[in-house]
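Only one structure is covered here, and it is reproduced in the block below.
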There are 2 protein chains.
Amino acid sequence: MSKANRIRIKDIAKEARVSTATVSRVLNNSNKVTAKTRRRVLEAVERLGYVPHHVARSLRVERVYSIGLIVPHDIDYLFSFPYFNLFIHHLAVEARTRGYHIIFTTTNGDESVQLHKAFAMRRIVDGLVILDVSDEDPRIDALTELGFPFVVIGRPNHKLPYLWVDTENEEGARRAVEYLISLGHRKIHFVNGPQHLAVSRQRFEGYSRALQKARIACEPTLIHNGEFTEESGYAITKAILHSDKVEAIFYASDTMAIGGIRALKEAGFEVGRDVSVVGFDDIPSASVVSPPLTTVAQPIALVGTWAARLLIDLIEGNKPVPKSLSVELKLRKSTRGGVTVVGD
Amino acid sequence: MSKANRIRIKDIAKEARVSTATVSRVLNNSNKVTAKTRRRVLEAVERLGYVPHHVARSLRVERVYSIGLIVPHDIDYLFSFPYFNLFIHHLAVEARTRGYHIIFTTTNGDESVQLHKAFAMRRIVDGLVILDVSDEDPRIDALTELGFPFVVIGRPNHKLPYLWVDTENEEGARRAVEYLISLGHRKIHFVNGPQHLAVSRQRFEGYSRALQKARIACEPTLIHNGEFTEESGYAITKAILHSDKVEAIFYASDTMAIGGIRALKEAGFEVGRDVSVVGFDDIPSASVVSPPLTTVAQPIALVGTWAARLLIDLIEGNKPVPKSLSVELKLRKSTRGGVTVVGD
DNA sequence: AGTTTTGATGTAATCGATTACATTACACAA
DNA sequence: TTGTGTAATGTAATCGATTACATCAAAACT
């Protein structure tokens with residue numbers, strides 16, 4: 001391992017009595033090599049225990065075989081992004097089957113755009129996965145201008161076209177609210193995420209569509225913007241209880257719903273009987289809280305898989321198309337009569 | 001960005017009318033440069049928007065400024081390892097303050113050792129974080145033989161010395177069981193993790209010590225080996241209930257405890273009154289299940305921080321020493337009388 | 001046999017930095 | 001003015017691969 005006894009391609013060439021070019025050809029499966037020569041080279045590789053030097057190869061072929069994932073420093077983010085570990089895991093699995101690694105780092109909001117640019121310009125990675133996007137996200141402009149490959153998780157508004165993977169947020173929210181309506185609820189509070197996030201807009205869109213279809217007026221006083229955190233779910237619910245008689249609440253994330261349930265219980269409500277609660281995401285805790293949460297499940301593993309797949313296609317010059325992944329409403333006990341299966 | 005209009009150090013040299021060597025010296029803060037020259041170079045860098053090429057630099061300085069994290073393919077693992085998100089996040093934060101990135105990939109058990117060796121030999125990373133270790137883990141032998149820097153999360157038995165970061169598993173288990181004893185329990189079931197993991201041995205050690213101190217016999221029939229998964233916690237608990245009258249169960253992970261609580265509820269027990277349950281890890285769900293779980297909290301963020309810190313120290317030739325991090329018993333509602341604070 | 005074609009192999013440039021060593025410029029002393 | 005020492009700068013080798021192009025050997029054709 002020490003530099004001295006390190007085996008290089010040159011050593012293999014000498015051992016197999018061929019040129020380094022031939023060794024390289026064998027290693028890269030070029031077909032322009034005699035079977036006999038190939039065998040001799042491979043034997044030498046075996047005998048000397050040679051493995052290629054990744055950095056040297058990268059310098060020449062101008063590819064580092066890795067994709068970058070830069071997440072905000074802000075710790076809440078990792079928890080508000082449901083199943084982050086599932087996502088990164090499946091991202092990595094798919095990447096690995098294609099011969100790529102994940103390069104992971106964190107950033108605070110201020111330096112985020114700069115860091116994305118730096119990753120691109122320094123060629124630390126071959127492409128980037130963009131998380132936590134808002135409308136007109138500046139990273140999209142920056143990377144597009146650099147001509148650098150990237151895929152966006154989510155589907156924000158932007159003047160430029162871009163490659164994305166998204167779950168059907170609008171559809172999911174619509175189905176959740178339609179379900180609440182089918183249960184007989186008419187006044188449905190909506191605790192949404194931060195306004196600047198595209199995902200919040202889409203979930204709101206679904207909420208409002210469902211009401212529209214049922215000819216229920218969309219009351220601005222029923223709409224609340226949280227932070228996707230448990231604390232904000234708790235606080236907003238407290239506030240709602242303070243000013244209103246509540247019968248149904250749709251939370252744009254399970255994390256907020258869990259905070260909300262805590263507030264409701266403290267106020268003496270029995271969730272699932274006195275009040276219906278629906279979440280979004282289906283995080284691990286969702287099935288384990290009391291009562292188990294009715295929620296819109298996101299296929300987060302698939303999001304990871306597709307993000308890697310599309311990004312690597314883009315890097316390798318194929319022509320990937322954006323991918324939309326469908327969601328599923330999981331009926332559990334936090335809603336009145338959570339047994340009936342509801343179609344669309 | 002396209003190869004053509006890429007700025008290299010050569011271009012800066014020409015622009016500033018100096019040699020590439022001088023540019024490099026300015027960029028690497030060598031002191032052997034006149035203030036005037038330095039200024040001229042920096043202006044050129046600014047004007048042309050130069051950023052160094054990471055791979056080219058790495059090839060020459062023989063350092064890639066990244067540390068590797070290879071986790072088993074097996075999906076259950078990510079959930080049984082509590083707070084994986086938190087861990088990787090803090091690992092990345094600390095690494096970043098030192099100028100390093102995380103390279104993340106997955107593996108199945110069979111190729112794990114080979115993959116760790118490949119990462120080392122191909123110089124894909126400068127050092128490795130070793131997770132999920134068992135006694136006499138072959139990765140420790142392989143990397144030691146290669147003379148490659150690595151840090152182990154946990155503290156398995158091994159004939160060779162190695163650098164590690166660990167939480168006080170034995171201490172934590174001991175305190176948990178002592179607490180159960182202080183509550184008046186004498187027959188305490190222990191649902192442990194897989195036998196081959198060092199962490200299971202250590203938690204067992206703590207369990208057995210606590211009993212010993214209280215002069216309670218350690219009954220082999222009370223010891224069970226699970227998989228750290230919710231399903232196994234559920235199944236084992238079912239089995240226990242089938243053959244025995246139960247009063248207290250200590251689970252070696254919250255995930256298993258949550259499965260266990262489900263089994264207990266189904267059997268009509270009220271956890272926290274009829275039976276005491278203690279978990280280990282303090283995963284996010286722990287505070288949110290019903291009843292909230294009394295558990296041993298691991299300082300997982302610190303584990304991440306210290307892992308990065310020690311590994312980078314090792315890479316850079318400092319002489320880091322292993323780090324032990326203390327745990328905390330969190331009293332909640334799953335134990336009888338979960339209000340009293342218990343010292344040691 | 002001589003010429004052309006084809007396919008295998010070798011030589012050397014290249015990727016973009018860093019750095020050992022050589023050279024130059026300058027300050028100061030004699 | 002010249003010599004000497006020191007600090008700044010330049011030249012070119014180097015890191016370890018890949019690959020364009022040159023060369024060579026053998027097969028195929030006339």
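Every chain is numbered from 1 and lettered A, B, ... according to where its sequence line falls, protein lines coming before strand lines.
For the pair R6(A) and E62(B), the salt-bridge criterion is not met [side-chain N within less than 4.0 Å of a carboxylate O].
Judged as a salt bridge (Lys or Arg N to Asp or Glu O under 4.0 Å), not a single pair has a partner in residues 32-41 of chain A (not counting sequence neighbours).
Per the geometry, CG belonging to L59(B) stands 9 Å off C1' belonging to dC15(C), to the nearest Å. Look at NZ on K14(B): it is 14 Å from P on dG16(C), rounded to the nearest Å. Note: CZ (R38(A)) to C1' (dG7(C)) measures 14 Å, nearest angstrom. Here the P atom of nucleotide dC26(C) and the NZ atom of K32(B) are 18 Å apart, to the nearest Å.
Contacts of V55(A) with the nucleic acid, taken as non-hydrogen atoms under 4.0 Å apart, are absent. Contacts of S58(B) with the nucleic acid, taken as non-hydrogen atoms under 4.0 Å apart, are absent. Heavy atoms of V33(A) sit under 4.0 angstrom from primed sugar atoms or phosphate atoms, though from no base atom.
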Distances for protein N/O vs nucleotides 17-23 of chain C N/O pairs under 3.5 angstrom?
| unit_1 | atom_1 | unit_2 | atom_2 | d |
| --- | --- | --- | --- | --- |
| dA17(C) | OP1 | Y50(B) | OH | 2.6 |
| dA17(C) | OP1 | H53(B) | N | 2.8 |
| dA17(C) | OP2 | I9(B) | N | 2.7 |
| dA17(C) | O5' | Y50(B) | OH | 3.4 |
| dT18(C) | OP1 | N28(B) | OD1 | 3.4 |
| dT18(C) | OP1 | N28(B) | ND2 | 2.9 |
| dT18(C) | OP1 | R57(B) | NE | 3.0 |
| dT18(C) | OP2 | S24(B) | OG | 2.5 |
| dT18(C) | OP2 | N28(B) | ND2 | 3.4 |
| dT18(C) | O5' | S24(B) | OG | 3.4 |
| dT18(C) | O2 | R60(B) | NH1 | 2.5 |

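Side-chain atoms of H54(B) come within 3.5 Å of backbone atoms of V64(B) as a donor-acceptor pair (strictly under, hydrogens ignored).
Taking the side chain as every heavy atom from C-beta outward, F87(A) and I153(A) approach each other to under 4.5 Å. In this structure the side chain of L42(B) reaches within 4.5 angstrom of the side chain of V26(B), judged on heavy atoms.
Looking only at atom types and distance, the side chain of E316(B) has a donor-acceptor partner in the side chain of Y100(B) under 3.5 Å away.
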Please step through side-chain hydrogen bond (donor to acceptor under 3.5 Å, both in side chains) for the pair N28(B) and R57(B), ending with a clear verdict. CA-CA 11 Å; N28(B) 292 285; R57(B) 178 163 207 279; 2.8 Å; yes
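Fit an axis to the five pairs at each end of the helix from dA1(C)-dT30(D) to dA30(C)-dT1(D) and the two axes sit 60° apart, to the nearest 10 degrees.
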